[in-house]
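Counting starts at 1 for both ligands and their atoms, following the listed order.
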Amino acid sequence: MTARLIDLEVLAGVLSAAAWLAAAGCAAARRRRPAAVLAVVAVLALLARIGLVVALGRAGWWFVQDKLTVTLPLAAVTAVAAGLVALTARRWTAPALAVAGYAAAAGPVLALFAGYPAGWGTGLVTAGTVALAGVVTWQAAGHRPRRAPFVWLLALAPIVLGAAVAVPPPASADDGGHGVQVSSVRGPDPEAAAASGIPVRRFTLTARTATVALASGQRIQAWTFDGRVPGPALEVTQGDLVVVTLRNADIAAGVTLHWHGYDVPVGEDGVAGMTQDAVRPGESFEYRFRADRAGTYWYHTHEASDRAVRLGLYGTLVVRPRAAADGVDLTLPLHTFGTALAVGDRDQPTTHAVAPGTPVRLRVINTDDGPHRLTLTGPFRLVAVDGTDLNGPGVLERVAVRLPAGARVDVAVTAGAAPVTLHVDDGRATVRLAPAADTPAPPVDTAAWPTLDQTRYGTPAPTPFDAHSRFDRRFTMVLDRGVALADGLPKYAFTVNGRAYPYVTTQTVREGDLVHLTVVNRSRDTHPMHLHGHHVLALRHNGRPFTGSPLWMDTFDVQPGEVWEVGLRADNPGVWMNHCHNLKHAAKGMAVHLAYAGYQAASHHAHGA
Ligand code: C2O
Ligand code: CU
């Protein structure tokens with residue numbers, strides 16, 4: 001709804017601008033009638049915009065701030081002025097109508113290229129640009145003012161002044177030059193752990209380029225761990241100390257391991273340029289962390305990750321509880337290679353032979369940049385989200401589960417005499433559970449099934465805090481597209497609060513703080529937001545509380561027009577990435593640091609997500 005209002009308001013702005021300019025053209029050609037009609041259309045479009053902005057404002061101030069403070073006043077003032085000119089100084093009607101058109105156009109232009117927050121600088125530059133365009137039109141229409149330089153100055157001055165205000169010296173994402181180096185905050189020492197009886201599980205992952213054949217025979221030029229995509233499945237037991245040696249054979253870009261969703265000590269977090277340097281070809285790095293939390297996770301490189309994860313530098317991490325459940329337990333990482341959607345390394349429908357009556361847990365992991373839609377052709381329960389079990393998950397049928405980029409869901413089904421099929425994106429990929437590989441399964445069309453509303457699924461349970469708690473810190477992240485400085489150059493970036501990484505103001509917390517995050521999506525793309533090192537508790541969605549099972553997430557999808565409120569306890573000191581897990585968006589600016597006071601990132605220029 002909100003997303004549609006955003007689009008309509010832009011559209012109304014375009015229509016209004018087009019009508020004013022067409023009216024100006026008619027007036028210049030001395031065709032009064034059509035000019036008057038077009039002007040009326042322009043005014044109606046302006047009124048429609050005002051109505052839309054009022055409706056949009058109910059979704060939140062962030063959605064309308066630029067319109068209320070800059071573009072609507074400008075459009076209204078110039079419209080009134082054009083009307084007055086038309087009535088009193090007829091020979092200047094055409095340029096006046098044109099100025100109203102420029103002012104109307106400022107709405108959509110600002111909405112698409114700047115947006116929230118629109119401050120004084122933006123306002124001045126916008127007004128100045130409209131004035132400048134007006135002066136040019138006025139002179140083109142035949143007026144040669146004696147004081148031309150003065151008139152030009154009048155239009156140029158606000159632009160220069162506004163630009164000076166709008167482009168403050170970039171606040172760098174680096175946090176002072178002192179404090180504990182995050183690279184020194186490491187996991188437990190394996191020898192000491194072994195001596196005290198903690199099971200130590202060792203793995204070695206070697207990053208290298210390889211030509212890999214998928215199940216269909218399709219060959220891909222991949223970046224791999226151990227020559228495979230996905231990399232080796234890491235499976236450990238809760239309580240283990242996990243020790244992983246990463247070697248880089250020939251990935252020239254460098255490589256790291258980030259434990260997505262696992263709240264490891266910051267020095268093990270694998271963010272190149274921040275918690276460690278990227279591991280270059282011939283080098284290695286040892287990661288170690290206690291597997292203190294059971295669930296479904298994944299790992300991936302965090303250097304040039306937009307490209308590198310797409311090419312295959314990822315794998316799964318499953319931590320099983322000590323008392324293992326019986327039944328079948330399948331880990332199903334989804335990944336797109338070119339046009340093929342693969343489950344693990346299978347880009348063709350697969351069947352698992354499961355005896356009727358067997359409980360099955362499907363751990364579905366989205367390693368792509370966009371969401372996937374999961375459907376099951378039999379009753380199921382959604383038992384875990386992002387590695388955390390849900391409370392009282394009820395049985396679901398004929399309903400789809402949306403799986404955001406980077407996120408995981410665990411789904412429980414009981415195998416029957418008839419096959420049960422998991423469809424991804426209504427059949428782009430399928431995984432079948434059947435008594436035998438050749439058990440026939442009737443095709444099922446799942447495309448029309450509704451999507452599960454996770455804000456009300458499961459039953460409530462006590463949480464350490466809730467939406468009404470007293471929060472020590474509150475941060476708002478308004479996600480949008482816009483022109484912003486990124487890596488020293490202005491780009492059409494994916495922005496947070498109007499800025500692009502690394503120039504987004506750092507979110508600074510103290511250890512122990514209860515932190516409230518409001519995430520607003522003003523853009524047309526969905527943004528799966530991922531905070532490293534912490535799980536957030538979902539509090540409110542579009543202002544309404546979550547009323548089902550507590551939802552602890554590390555990746556939550558903020559869809560266009562949505563507002564998410566989440567909370568977290570700052571209990572894992574360090575400097576952490578907080579970014580969109582559409583890695584293309586992260587690479588183009590949609591990332592920020594969450595830093596604990598007294599901690600400092602290892603080097604000052606993180607390469608971004
Ligand atoms: Cu899975 Cu910073 O990412
Ligand atoms: Cu995004």
- Mind checking whether D368 and H335 have side chains closer than 4.5 Å, heavy atoms only? yes
- Evaluate the side-chain proximity of D347 to F337: yes if any heavy-atom separation is below 4.5 Å, no if none is. no
- Task: Kindly report the NE2-atom 2 (Cu) of ligand 1-NE2 angle for H532 and H579 respectively, rounded to 10°.
- Result: 110°
- So, H302 and atom 1 (Cu) of ligand 1: N/O/S under 2.8 Å, yes or no? no
- Any side-chain heavy atom of R481 sitting closer than 4.5 Å to one from L112? no
- When rounded to the nearest 0.5 Å, the distance separating CZ of R310 from OG of S305 is 10.5 Å
- With respect to the Cu ion (ligand 2), what is the nearest N, O or S atom of H585? ND1
- Task: Establish, yes or no, whether a centroid distance under 6.0 Å links the rings of H530 and H258.
- Result: yes
- Task: Output the atom name for the N/O/S atom of H527 with the smallest distance to the Cu ion (ligand 2).
- Result: ND1
- Presence of N, O or S from H581 under 2.8 Å of atom 2 (Cu) of ligand 1: no
- Query: Ring centres of H532 and H534 under 6.0 Å apart?
  - Reply: no
- Item | atom 2 (Cu) of ligand 1 to nearest N/O/S of H260 below 2.8 Å | no
- Task: Flag C580 as yes if one of its N/O/S atoms falls below 2.8 Å of the Cu ion (ligand 2), otherwise no.
- Result: yes
